[in-house]
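Residue numbers count from 1 along this sequence. Just so it is clear, the values below take in all heavy atoms, side chains as well, and ignore hydrogens, waters and symmetry mates.
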Amino acid sequence: MAKNTKFLRYGITLTVLGIVYMFLYSGLQNDQINIIQGFSAWDGNATMAPMTVGNFACILLTFIYGTLFIKFGVRKTMIPVMLLSALGCLGIALANGLRVNSGEGNYGLYFGSLLLVRCACMILQMGGFMLVANWFIRFRGRIMGIVTVGSPLFSVIGTAGMSNVIEKNFGGDYRPFYVGIAVLTVLVALVTWLLLKDTTEEAGLYPDGADRAPASEGVSDEVTLTVGEVLASKKGWQLIISFGAFQFIINACMASMVVRLLR
């Protein structure tokens, strides 16, 4: 019973943090550009350029982050990259470039900061999914379904809500929004480090809160799958193409959703 209570504590923490991961990921990966375009003095092409470059860079980063998860662990990879994302948010705020400030700003700083955020924020989704996969087997699908609620939650609440707050309370200045996101990201990174473990074994537990290891984990052979082996695998490419297509469609639809609907 004590072990199940301990697992429940970790499970609830992971689920709540998973929702926050997906909320931040959705906002920083894509939906934030709707907020920027609504208040930026730079034209649409200039505003979108860092996101476009970042989308291509993330194709390679997917393999890099996955490799780092295996070599160093999920949290040890996630937390530094999350802090880089927070740094990028502060850079966007410092770059200014707001319409209410007559367009004065540093476009180079804006480009580099938004590119950094786009490339770093994907660690939230990848890390969140891997932690759920490590902690759950029988209930993995259910928990995945719960944590992914965070993504549409930002699209429904975050984009419209923050745009409204920025317009009415900050006079068209989105810099407090980015400072707030930076602080929130740092806090989430701290909580991740203090309250989570990469695997159930690190916490002295078993997946799903069971009292014994699952049969599939009876073999102690270490996983040695490499990026090259993944790229040489037919199933690997099927997964890459199908998931990539989903992400491409989502990004294309959501990147300028608010701006398009308001015209």
Step-by-step side-chain contact (heavy atoms from CB on, under 4.5 Å) determination, Leu190 to Leu194:
CA-CA 6 Å; Leu190 181 61; Leu194 293 176; 4.0 Å; yes
Taking the basic N atoms (NZ, or NE/NH1/NH2) and the acidic carboxylate oxygens, is any pair closer than 4.0 Å for Arg75 and Asp198?
yes
Quick one: does Tyr21's side chain have a donor or acceptor within less than 3.5 Å of a partner on Ile123's backbone?
no
Please report the closest heavy-atom contact between Thr52 and Phe56, naming both atoms and the distance.
O-CD1, 3.2 Å
Main-chain N/O of Leu28 paired with Gln32 side-chain donor or acceptor, under 3.5 Å
yes
Calculate, to the nearest 0.5 Å, the distance between atoms CG and CE belonging to Leu187 and Met82 respectively.
9.5 Å
Would Val183 and Val186 show up in the same hydrophobic cluster when neighbours are defined by side-chain heavy atoms closer than 4.5 Å?
no
Is it true that, when you exclude Arg99 itself, more than 12 heavy atoms of the residues, nucleotides or ligands shown sit nearer than 6.0 Å to its CZ?
yes
Leu114 backbone acceptor or donor facing Arg118 side chain under 3.5 Å
no
If you round to the nearest 0.5 Å, how far is CZ of Phe177 from CZ of Phe39?
10.5 Å
Taking the hydrophobic residues Ile, Leu, Val, Met, Phe, Trp and Tyr, and joining any pair whose side-chain heavy atoms are under 4.5 Å apart, which ones share a cluster with Val149?
none
Gap between atom OG1 of Thr185 and atom CG of Leu83 - 0.5 Å precision:
9.0 Å
Is a side-chain N or O of Thr77 found less than 3.5 angstrom from the main chain of Leu68, in a donor-acceptor match?
yes
Side chain proximity check, Val20 to Leu24, heavy atoms < 4.5 angstrom:
yes
Look up atom CE in Met22 and atom CD1 in Ile19, then write down how far apart they are to the nearest 0.5 Å.
10.0 Å
State, to 0.1 Å, how close Leu131 and Lys197 come at their nearest heavy-atom pair, and which atoms those are.
CD2-O, 3.8 Å
Can you tell if the side chain of Met78 reaches within under 4.5 Å of the side chain of Trp193, non-hydrogen atoms only?
no
Does Leu116 belong to the same Ile/Leu/Val/Met/Phe/Trp/Tyr cluster as Val53, with side-chain heavy atoms less than 4.5 Å apart forming each link?
no
Between Tyr110 and Ser40, is any side-chain donor less than 3.5 angstrom from a side-chain acceptor?
no
I'd like to check Val81 versus Tyr65 (side-chain heavy atoms, cut-off strictly below 4.5 Å). Are they in contact?
yes
Nearest heavy atoms of Arg175 and Leu98, plus distance in Å
NE-CD1, 3.6 Å
Looking only at the aromatic ring of each residue, does the gap between the centers of Phe170 and Tyr174 stay below 6.0 angstrom?
no
Does Leu94 belong to the same Ile/Leu/Val/Met/Phe/Trp/Tyr cluster as Ile36, with side-chain heavy atoms less than 4.5 Å apart forming each link?
no
Is there side-chain contact between Ile143 and Trp135, with at least one heavy-atom pair below 4.5 Å?
no
Using 0.5 Å steps for rounding, measure from the CD atom of Glu167 to the CD1 atom of Ile35.
12.5 Å
Beyond-backbone contact of Cys89 with Val117, side-chain heavy atoms, under 4.5 angstrom
yes
Show the nearest heavy-atom pair for residues Cys58 and Cys119, with the distance to one decimal.
SG-CA, 3.8 Å
Closest non-hydrogen atom pair between Met126 and Thr62, with its separation:
CE-O, 3.4 Å
From CG (Leu84) to CD1 (Ile79), nearest 0.5 Å
12.5 Å
4.5 Å side-chain heavy-atom contact, Asn4 and Leu8
no
Does one side chain, of Glu201 or Tyr206, offer a donor that lies under 3.5 Å from an acceptor on the other?
no
Given side chains that start at C-beta, do those of Leu90 and Tyr178 come closer than 4.5 Å, heavy atoms only?
no
Quick one: do Leu87 and Ile181 end up in the same hydrophobic cluster if we chain Ile, Leu, Val, Met, Phe, Trp and Tyr together by side-chain heavy atoms under 4.5 Å apart?
no
Give the cluster check for Ile146 versus Met130: same hydrophobic cluster or not, with ILVMFWY residues linked at side-chain heavy-atom distances below 4.5 Å.
yes
Any chance the rings of Tyr10 and Phe7 have centres within less than 6.0 Å?
no
Measure the shortest side-chain to side-chain distance between Ser85 and Tyr25 over non-hydrogen atoms and say whether it is less than 4.5 angstrom.
no
Nearest heavy-atom pair of Asp208 and Arg138: which atoms, and what distance?
OD2-N, 2.9 Å
Does a donor on one side chain sit under 3.5 Å from an acceptor on the other, for Asp31 and Ser26?
yes
